[in-house]
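A quick write-up on the structure given underneath.
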Amino acid sequence: MSEAFDVIIGLEVHVELKTASKLFCCCSTAFGAPPNSQTCPVCLGLPGVLPVPNSEAIRLAVRSALALNCQVRPFSKFDRKQYFYPDLPKAYQISQYDQPLAEFGWVTIHPSGEEAKRVGIRRIHLEEDAGKLNHLGQRLGDAVGSLVDLNRAGVPLIEIVSEPDMRSAEEARLYLTELRAVLSYLDVSDLRMEEGSLRCDANVSLRPHGYQGSLEELPRVEIKNVNSIRNVQRGIEYEVVRQADMLKRGERIVRETRGFDDSTGRTYSQRSKEEAHDYRYFPEPDLPPLRLSPEWIEAQRTALPLLPDAIRRDLRSRGIPDKDVEVLVLDREAYEYWKDAAQAFSDDRLIVNWMLSDVSRLIHLRGETFATATVRPAQLVELLKLIQEGTLSGRMAKDVLEAMFETGQDAQALVKQKGLSQITDEEALMQVVNQVLETHRHVVADYLSGKEKALAYLVGQVMKLTRGQAKPDLVNRLIKEAISGSQAVSS
Ligand code: ADP
Ligand code: MG
Ligand code: ZN
């Protein structure tokens, strides 16, 4: 964009942690239960109750912070954030304000054709989720009523606040994809945007060239609660054009919160700065500060699994092309599938080629994923071994793979049943070759007079007679040998 400004984007991402129970009570966090069936006096905010922190939530939050290169504070504290809304029974949310759990992290993004770039993470803090309002109507504006479901109230969340380091909707997309990939390897969350276990607010502003002030002072728009990475990108793209048009018309951009309308791709004003909440944060009197020993924090770091950047390096060092590396890294299930297969098979690239073409196609067709695929990694390896040792041609293996998905049977069994093995017996093949040369003397003559294409035709005829079960390169060699042999005899 050769405009008179830079696009400035900062993202706030909420991640629901995958604990069995809520952050401050024993209620279940399972998704999809009947409304209000997973509540108790603590998460309903009844008088006289006390919150008890869930240590597993703290562990998952610290694990996330370390994987995102943050410094975890040995001392942090909880604060009350006050606001009045029906989804918040206590009329305050327990969160962390001035002393958050972790700070100063980053995510590395890889914009195509550009150098890798770090997007800073300002802070990560722990907080409890609010309940959910189900509006009776199409949208909030014309709802005839709203029902409150407090099953989600008190579910543990981390909020990951980025620095305003992204400069395009594409960079925001890459940041979210990478963040989600890192978290996926940690087993800390379901990360389902459509179920709300991963939510994103996007802050967007335009910085005129020559602007000297701080980014925080630029009037920015916060697009709230968009439900997919694609829509975050669309919302930002729309906002950039809208704000640019305003600037061109000499209008002033106001700081406000905007919603995103999926069907039109537009953002719409929800509330302006004047109506913004004053949350009146103060320290949570019912919870002591959170003290984490440096030894315990280090133990969490040691327990981290291999993360995307390390996985990328490993896959590249095995000669897997960058494009395929990205597909594997960003889909943990695919990567695990590949890893299981690679343990039992030496040709890393052949596994990837089959996974990302035929296996992918078949699992999508059947509504499966790599984790639930009917054909398990070990079974794919058996099939690939049959190709490697020459029993099956690539073409035949494709059919066998389909049959494996349909029947759940192993490659070996199917090959036997269908009498499918490739003909590698030279003597048997030689008979077919001789027969073809006999009946196509004019083609042989063409070949001898220098027409290379004639050879391919002869190979094709042998393949036809053997119903594709011959090895093409073997047929090729046998035909050449047969022709030069007969020449030697006749001359
Ligand atoms: P708030 O309480 O307003 O949500 P936070 O501190 O939680 O404030 O988050 C501020 C977010 O806004 C951060 O993600 C930050 O990167 C982003 N941000 C700050 N300045 C700008 C800007 N000029 N343009 C876009 N985003 C910005
Ligand atoms: Mg915020
Ligand atoms: Zn409860």
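It should be emphasised that the depicted structure is a prediction, and the values quoted were computed from it without experimental measurement. We count ligands from 1, going down the list as the structure has it; atoms in each ligand are counted the same way. No hydrogens, no waters, no symmetry mates; every other heavy atom, side chains included, goes into these values.
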For Ile9 and ligand 1, does the shortest N/O to N/O distance drop below 3.5 Å?
no
With nothing but distance in play, are any N or O atoms of Leu215 less than 3.5 Å from an N or O of ligand 1?
yes
Please identify which atoms of ligand 1 are closer than 4.0 Å to at least one heavy atom of [X].
{"X": "Val161", "result": "9 (O), 13 (C), 14 (O)"}
{"X": "Glu163", "result": "16 (O)"}
{"X": "Arg255", "result": "3 (O)"}

Residue selection (non-hydrogen contact nearest atom 10 (C) of ligand 1) among Arg220, Met166, Arg123:
Arg220
Of Ser162, Gly120, Gly213, the residue with the heavy atom nearest atom 15 (C) of ligand 1 is Ser162
What I want to check is whether the side chains of [X] and [Y] have a donor and an acceptor closer together than 3.5 Å.
{"X": "His125", "Y": "Glu127", "answer": "yes"}
{"X": "Glu12", "Y": "Asn203", "answer": "yes"}
{"X": "Glu239", "Y": "Thr267", "answer": "yes"}
{"X": "Ser76", "Y": "Gln96", "answer": "yes"}
{"X": "Gln270", "Y": "Thr257", "answer": "no"}

Decide whether a cation-pi geometry holds between Lys81 and Tyr279; the criteria are a distance under 6.0 Å from NZ or CZ to the six-membered ring centre and an angle within 45° of the ring axis.
yes
Ring-face cation of Arg80 near Phe282 (centre distance under 6.0 Å, axis angle within 45°):
no
Side chain or backbone of [X] under 4.0 Å from ligand 1, or both, or neither, by non-hydrogen atoms?
{"X": "Arg207", "value": "neither"}
{"X": "Lys81", "value": "neither"}
{"X": "Asp201", "value": "neither"}

Matching residue for Glu128 among Lys22, Lys90, Gln93 - test: side chain to side chain donor-acceptor pair (under 3.5 Å):
Lys90
When you draw lines from the Zn ion (ligand 3) to SG of Cys43 and to SG of Cys27, what angle lies between them, to the nearest 10°?
110°
Is the distance between the Zn ion (ligand 3) and the nearest N/O/S atom of Cys25 smaller than 2.8 Å?
yes
